[in-house]
Peer 1: 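Quick one: structure below, then a few questions.
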Amino acid sequence: MEALREKKLPKATAKRLPAYLRHLKFLDASGVHRIKSKEFAEITQVPSATIRRDFSHLGELGRSGYGYEVPYLIEVFSHILETNEAKNIALVGFGNLGKALANNNFRRNENLSIVAVFDNDPQLIGKTIDGHYVYGMDQLAEIVQEKGITVAISTVPSQYSQAAIDTIVESGITAILNFAPDRVNVPKNVHIQYIDLTTELQTLIFFDNTYSQKS
């Protein structure tokens, strides 16, 4: 299993792994323990040939005519995506969602840590709220350098998201998790992942409706 992390995956394949893992966890929670690439393609909207090719980069994960064991795929992908390197994270946006993320602060992975919180609200800047000091956005570049921050999470609403992401990019951060579903413009060297809570909930409901009817 350890050798899997050393495999050099095509960039396109690596970008699809988190989505595969998310869908597999939905399947597992729905009581589905084996799935074929054609069925998985319908769920993920990724062609079955692409799925088989992506999986083949990681060795023999399934058997022809039998499919893939969902729990085993979850184990493999979780192992590959788990980080053993400490990452300092900036949290941009300290509204209700931002506060929830900061207070949780990745308790299940000690290598991930939110070390600085930012907002543009004058009523928050300069205050310590729930144990978190709130910096202004104009301080982001300085604090990124000071604290060795390499990752940012943005919880800024869609209408202000582009401006927030621009400031994050200008600070030198190249890995961003964005909780605003609308796409933003970033340079090619910046990797951004979107979390759309509405889409995630709709996906969950789809799985619940589909696989509850089959059981």
Side-chain angles (χ1 to χ4, degrees), residues 15 17-30 74 77-78 81-144 146-171 173-184 186 190-208:
K15 289 178 68 173
L17 290 187
Y20 288 156
L21 180 58
R22 185 169 66 251
H23 287 297
L24 287 165
K25 287 182 175 179
F26 276 132
L27 286 168
D28 190 57
S30 301
I74 291 175
F77 293 161
S78 296
L81 293 170
E82 181 183 1
T83 177
N84 286 324
E85 182 181 351
K87 294 289 184 181
N88 289 339
I89 302 169
L91 176 65
V92 176
F94 204 49
N96 291 334
L97 177 57
K99 289 174 183 174
L101 292 172
N103 290 332
N104 179 271
N105 204 359
F106 303 100
R107 292 171 185 166
R108 296 180 63 182
N109 190 328
E110 61 185 14
N111 293 315
L112 303 176
S113 180
I114 295 172
V115 298
V117 171
F118 300 85
D119 205 287
N120 63 356
D121 186 344
Q123 295 185 352
L124 300 179
I125 296 171
K127 295 182 179 178
T128 298
I129 301 173
D130 296 335
H132 303 283
Y133 182 83
V134 183
Y135 295 95
M137 290 296 289
D138 59 345
Q139 298 174 276
L140 196 142
E142 174 190 352
I143 302 301
V144 162
E146 178 184 313
K147 296 183 178 289
I149 295 170
T150 58
V151 180
I153 299 174
S154 175
T155 64
V156 176
S158 290
Q159 62 266 41
Y160 308 114
S161 183
Q162 183 67 64
I165 297 299
D166 288 344
T167 302
I168 293 170
V169 171
E170 289 168 6
S171 76
I173 290 174
T174 56
I176 304 169
L177 182 65
N178 189 11
F179 274 85
D182 294 342
R183 274 16 185 192
V184 294
V186 296
V190 174
H191 304 282
I192 186 165
Q193 188 83 18
Y194 296 90
I195 300 292
D196 183 348
L197 295 179
T198 300
T199 299
E200 295 295 334
L201 182 58
Q202 289 173 332
T203 302
L204 175 63
I205 293 170
F206 167 80
F207 276 116
D208 185 56

Peer 1: Which residues pass the side-chain hydrogen bond (donor to acceptor under 3.5 Å, both in side chains) test with Asp138, sequence neighbours left out?
Peer 2: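 Scan of Asp138 (side-chain hydrogen bond (donor to acceptor under 3.5 Å, both in side chains), adjacent residues dropped) gives none.
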Peer 1: What distance separates Asp28 CG from Ile74 CD1, expressed to the nearest 0.5 Å?
Peer 2: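 It comes to 4.0 Å.
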Peer 1: Answer yes or no: does atom CD of Gln159 have more than 12 heavy-atom neighbours from other residues, nucleotides or ligands under 6.0 Å?
Peer 2: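 For Gln159, atom CD is crowded (more than 12 foreign heavy atoms under 6.0 Å).
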Peer 1: Distance-only, no hydrogens or angles: does the Gln139 side chain make a donor-acceptor pair with backbone N or O of Gly136 under 3.5 Å?
Peer 2: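 Flag set: sc Gln139 to bb Gly136 pair under 3.5 Å.
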Peer 1: Is it the case that atom OH in Tyr133 sees more than 12 heavy atoms from other parts of the structure closer than 6.0 Å?
Peer 2: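 Enclosed.
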Peer 1: Taking C-beta and beyond as the side chain, do Ser113 and Ile89 meet within less than 4.5 Å on heavy atoms?
Peer 2: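 A side-chain contact under 4.5 Å is absent here.
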Peer 1: For residues Lys127 and Gln123, report the shortest heavy-atom separation together with the two atoms involved.
Peer 2: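 That would be NZ-O, 3.0 Å.
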Peer 1: Using side-chain heavy atoms (C-beta onward) and a distance below 4.5 Å, is Phe118 in contact with Val134?
Peer 2: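 Side-chain contact under 4.5 Å: no.
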Peer 1: Restricting to non-hydrogen atoms, name the atom on Ala116 and the atom on Ile143 that form the minimum distance, rounded to 0.1 Å.
Peer 2: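 In this case the closest contact between Ala116 and Ile143 is CB-CG2, 3.8 Å.
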Peer 1: Could you tell me the separation between the CG atom of Asp166 and the OG atom of Ser161, rounded to the nearest 0.5 Å?
Peer 2: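 The OG atom of Ser161 is 9.0 Å from CG of Asp166, to the nearest 0.5 Å.
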Peer 1: Do you know which two heavy atoms are closest between Gly95 and Asp119, and how far apart they sit?
Peer 2: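 For Gly95 and Asp119, the tightest heavy-atom pair comes out as N-OD2, 4.3 Å.
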Peer 1: Is there a side-chain contact between His132 and Asn103 (heavy atoms, below 4.5 Å)?
Peer 2: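 Answer yes - side chains close enough.
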Peer 1: Within a strict 4.5 Å, meaning less than it, do heavy atoms of the Ser154 and Leu177 side chains meet?
Peer 2: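 No, too far: nothing below the 4.5 Å cut-off.
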Peer 1: Check whether any side-chain heavy atom of Val156 lies under 4.5 Å from a side-chain heavy atom of Val92, and answer yes or no.
Peer 2: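 The answer is yes, as the side chains (C-beta and beyond) meet within the 4.5 Å cut-off.
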Peer 1: So with a 6.0 Å cut-off around NZ of Lys25, is the heavy-atom count from everything else above 12?
Peer 2: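 Atom NZ in Lys25 is not packed in, count stays at 12 or less.
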Peer 1: Considering only heavy atoms from C-beta outward, does the side chain of Thr150 approach that of Ile173 to under 4.5 Å?
Peer 2: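 A side-chain contact is absent here, since even the closest heavy-atom pair is not under 4.5 Å.
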Peer 1: Can you tell me how far apart CG (Asn178) and CD1 (Ile165) are? Round to the nearest 0.5 Å.
Peer 2: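 Reported value, rounded in 0.5 Å steps: 4.5 Å.
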Peer 1: Would a distance-only check, ignoring hydrogens and angles, find a side-chain to backbone donor-acceptor pair under 3.5 Å from Tyr194 to Val184?
Peer 2: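 Present.
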Peer 1: Of all heavy-atom pairs between Ser158 and Ala180, which one has the smallest distance, and what is that distance?
Peer 2: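 Smallest interatomic distance, heavy atoms only, reads OG-CB, 3.6 Å.
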Peer 1: How far does OG1 of Thr174 sit from CD1 of Ile192, to the nearest 0.5 angstrom?
Peer 2: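 Rounded to the nearest 0.5 Å, the OG1-CD1 separation comes out at 11.5 Å.
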Peer 1: Within this structure, what is the OH-CG distance for the pair Tyr135 and Leu140, rounded to the nearest 0.5 Å?
Peer 2: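 Nearest 0.5 Å value for the OH-CG distance: 11.0 Å.
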Peer 1: Supply the atom-to-atom distance Leu101 CG to Ile153 CD1, rounded to the nearest 0.5 angstrom.
Peer 2: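 So the CG of Leu101 and the CD1 of Ile153 are separated by 6.0 Å.
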Peer 1: Which heavy atom of Lys147 sits nearest to which heavy atom of Asn88, and what is that distance?
Peer 2: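 Closest pair (atom of Lys147, atom of Asn88, distance): O-ND2, 2.8 Å.
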